[in-house]
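This report concerns only the one structure given below.
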Amino acid sequence: MSNRAASGFSLHEDTSASLIGLAILALALAVTWQARPATDGESRERYPKGWPTPLAATIDRPQPWSDSPLQALRDKKDNSIAAPILLGMAWVVAVGAAGAALGGGEVLRFLPGAAMLAALTGAAWFLAAQKLVHHYNLEYPLWALAIGLTIGNTVGAPRWLMPALNGEFLIKTGLVIFGAEVLVSRLLELGLPGLMTSWLVTPVVLVTTYWAGVHLLRIPSRSLCMVVSADMSVCGVSAAIATAAACRAKKEELSLAIGLSLFFTVIMMVAMPPFIAWVGMDPIVGGAWLGGTIDATGAVVAAGEALGKEAGQVAATVKMIQNSMIGLIAFAVAVYWTGWVDRDGAAARGSLGAEVWRRFPKFILGFLLASLLCSWLFSSGPAQALWVDGAITGFTSRLRAWLFCAGFVCMGLQTNFRELAPALVSGRPLVLYVAGQFLNLVLTLAMASLTFGWLFRKAVDS
Amino acid sequence: MNWPPGSGRLAALGAAAALLWCGVFPRLLQCPALARHIELMDRREVNPAAMYYTELEHLPLRPPWLERRVRLWPAAVAAMASPSGRE
């Protein structure tokens, strides 16, 4: 972090991100518990998204709008949400200031830039909330990057903004909070067919695509191969963010991977449902195929629902199981990277375990701790499951999204178009994505047909 | 007042974005095919921009009809899981 020595006290960025992320999670759980319902606290029917949390009033994002951006300031019940949106910006400033303080920076120097960063983040949300953009899954990272890139490559980031541009810290803190959403317990939701469709195909596609990028296409950057492979095979932008942090990919590489993922997500979301209907595929198999292949969760549900209610439900659940792999994959990538890819010559003579520990991105441990803690709590009983769901859906997932969005604005502001040019001109990342996605489509269809269509099909068994 | 270099390009890009978001996109929304798709998604409360399942309007829990059509845990696995060794 910048200005580390200013106050004499400083923590490593990974440690600060973990501490702040876990503190926010503890706050969310404590406040949600404090406001737990007096009756029906175990009823999923009464509380489908978990217990309501008072913290929900402190953060929101602009709602989909069609004609005027002002429509984004009102929720579905026509209540004003201007205050929670402004408070969302305040959360970005507060988390950034806490990181600056723990990192030994001067908080006062940080504040003007942080206020501007929060305003640009809010602007990215407004762009993403336009109804056409919203319904075609052009997610907020794209607009956050676009705003940052536009300013950074025209007038450039002003000097007073620089102390606040700590995108890596914001994304790492967002990832630690995100750990709470990676609930291992959700893995078993669709039984063995769901596990086989999500967990057998995904690692095979991830490893094969990465290997092909490094050895067949000879892409010079291994981290670019990993990020493209992960976002294509696991679950799009969220997987790209987690693996990019685990393998210390450059910000330009993450931007490129996200751009590829969003572009192909739109194509697949529009093209796959009519194709499935045209070939007369069973809706369960079709839904599982959509869930296992389209990168972004929202696009999976939209494509599934376009096919029918049944396909939409199966698609969303398969995607949720795949979502739950992020923690394990991020951990495995971090271990592989520190132990084998990034290992320097001198350290290679020492013990592998010690070297992995020395270079391991420690915030991944905060992410895993949040995931394991919330998974344990979630599976302890129906009331605890609603407690965790309430804290996540009402608060932490919203804050995580604001922090990611702010992180992407920072990345855009610090990225030079010229650094993206070599990868774009060679076209090899595009070939890697397309080839990997083709393999993903074939293997997922085969596995979905085998499990949901034949092996575990009751009609066939009876 | 001296504007920093690149201010003209930034202003032009900002104006283009404003034209797209407030002029072109709202018009495109009136196209019948798009309007039908969006109306269907709104009616089913789908959040197509969700990055993760926790951002969906409805948490994707196992649909009740699924177990009638798919054997989620085959007999052998279910028997292993049950305390008596039988399903």
Side-chain angles (χ1 to χ4, degrees), chain A residues 44 48-49 66-69 127-128 130-140 150-151 153-156 178 181 186 189-194 235-238 269 284 296-299 301-302 305-306 309-310 312-314 316-317 319-320 323 389 392-393 397 401 452 456-459 461, chain B residues 3-14 16-18 20-31 34-35 37-38 40-78:
Chain A
R44 176 68 67 179
K49 293 187 85 173
S66 46
D67 303 315
S68 159
L127 293 183
Q130 207 286 336
K131 240 180 179 173
L132 186 73
V133 171
H134 172 80
H135 276 277
Y136 283 88
N137 197 256
L138 296 166
E139 295 174 22
Y140 64 83
T150 306
I151 296 173
N153 288 271
T154 51
V155 292
F178 181 48
E181 298 170 61
R186 298 263 200 220
E189 202 60 37
L190 282 187
L192 208 52
C235 53
V237 175
S238 46
M269 181 179 88
I284 298 181
T297 304
V301 182
E305 290 283 342
K309 197 80 188 161
E310 289 188 346
Q313 288 178 325
V314 173
T317 319
K319 194 75 215 170
M320 181 181 71
N323 282 171
D389 275 345
I392 290 171
T393 58
S397 76
F452 287 97
F456 300 114
R457 195 58 178 257
K458 277 190 174 171
D461 288 347
Chain B
W3 294 96
S7 300
R9 273 184 296 159
L10 180 60
L13 286 167
L20 275 175
W21 261 259
C22 297
V24 178
F25 292 165
R27 288 225 166 177
L28 283 174
L29 283 173
Q30 290 164 9
C31 166
L34 287 178
H37 171 74
I38 290 171
L40 174 74
M41 293 296 128
D42 282 346
R43 188 156 27 90
R44 293 192 179 170
E45 296 186 305
V46 173
N47 174 11
M51 185 194 277
Y52 203 68
Y53 77 90
T54 46
E55 294 171 27
L56 295 170
E57 294 295 324
H58 302 285
L59 288 180
L61 301 172
R62 179 194 309 165
W65 53 267
L66 191 73
E67 279 178 272
R68 289 196 301 273
R69 299 188 42 192
V70 177
R71 192 182 300 280
L72 295 177
W73 295 108
V77 178

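Quick note on labels: first sequence line is chain A, next is B, and so on, each numbered from 1.
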Select one option (side chain, backbone, both, neither) describing which atoms of A:I284 are under 4.5 Å from chain B's heavy atoms. side chain
What part of A:N153 lies closer than 4.5 angstrom to a heavy atom of chain B: side chain, backbone, both or neither? backbone
Contact between [X] and [Y] at the side-chain level, heavy atoms closer than 4.5 Å - yes or no?
X      : Y     : answer
B:F25  : A:D67 : no
A:F452 : B:R69 : no
B:C22  : A:P69 : yes

List for me each residue that meets side-chain contact (heavy atoms from CB on, under 4.5 Å) alongside B:L29, sequence neighbours excluded, and say none if there are none. A:S66, A:Q130, A:K131, A:L132, B:I38
Residues that A:P48 engages under side-chain contact (heavy atoms from CB on, under 4.5 Å), provided they are two or more places apart: none
Gap between atom [atom2] of [Y] and atom [atom1] of [X] - 0.5 Å precision:
X      : Y      : atom1 : atom2 : value
A:I392 : B:E55  : CD1   : CD    : 12.0 Å
B:Y52  : A:S397 : OH    : OG    : 11.0 Å
B:Y53  : A:T297 : OH    : OG1   : 10.0 Å

Is any NZ, NE, NH1 or NH2 atom of the basic residue among B:E67 and A:K458 found under 4.0 Å from an Asp or Glu carboxylate oxygen of the other? no
Please report the shortest heavy-atom distance between B:G6 and A:V155, naming the atom on each side. C-CG1, 3.6 Å
If you look at every heavy atom in A:A302 and B:M41, which pair is closest and at what distance? O-CE, 3.4 Å
Among [options], who wins on heavy-atom pairs under 4.5 Å with chain B?
options                        : result
A:E310, A:R186, A:K309         : A:E310
A:A316, A:G298, A:G191         : A:G298
A:G312, A:C235, A:A296, A:P193 : A:P193
A:V237, A:N137, A:N323         : A:N323

Which label fits A:H135 and B:H37: parallel for a plane angle under 30°, tilted from 30 to 60°, or perpendicular past 60°? perpendicular
Counting only heavy atoms closer than 4.5 Å, note whether B:W21 contacts chain A via side chain, backbone, both or neither. both
Can you tell me which of [options] forms the most heavy-atom pairs within a distance under 4.5 Å of chain A?
options                    : result
B:L66, B:L61, B:D42        : B:L61
B:P60, B:A49, B:P48, B:A50 : B:P48
B:V46, B:L40, B:V70, B:L13 : B:V70

Do the side-chain N and O atoms of B:T54 and A:E181 include a donor-acceptor pair separated by under 3.5 angstrom? yes
Short question: side chain of [X], backbone of [Y] - any donor-acceptor pair under 3.5 Å?
X      : Y      : answer
A:E189 : B:R62  : yes
A:T154 : B:R9   : no
B:W73  : A:L192 : no

Set out, in order, the CA-CA distance, both residues' side-chain angles and the distance that settles side-chain contact (heavy atoms from CB on, under 4.5 Å) for A:V301 and B:E45, then state yes or no. CA-CA 10 Å; A:V301 182; B:E45 296 186 305; over 6 Å; no
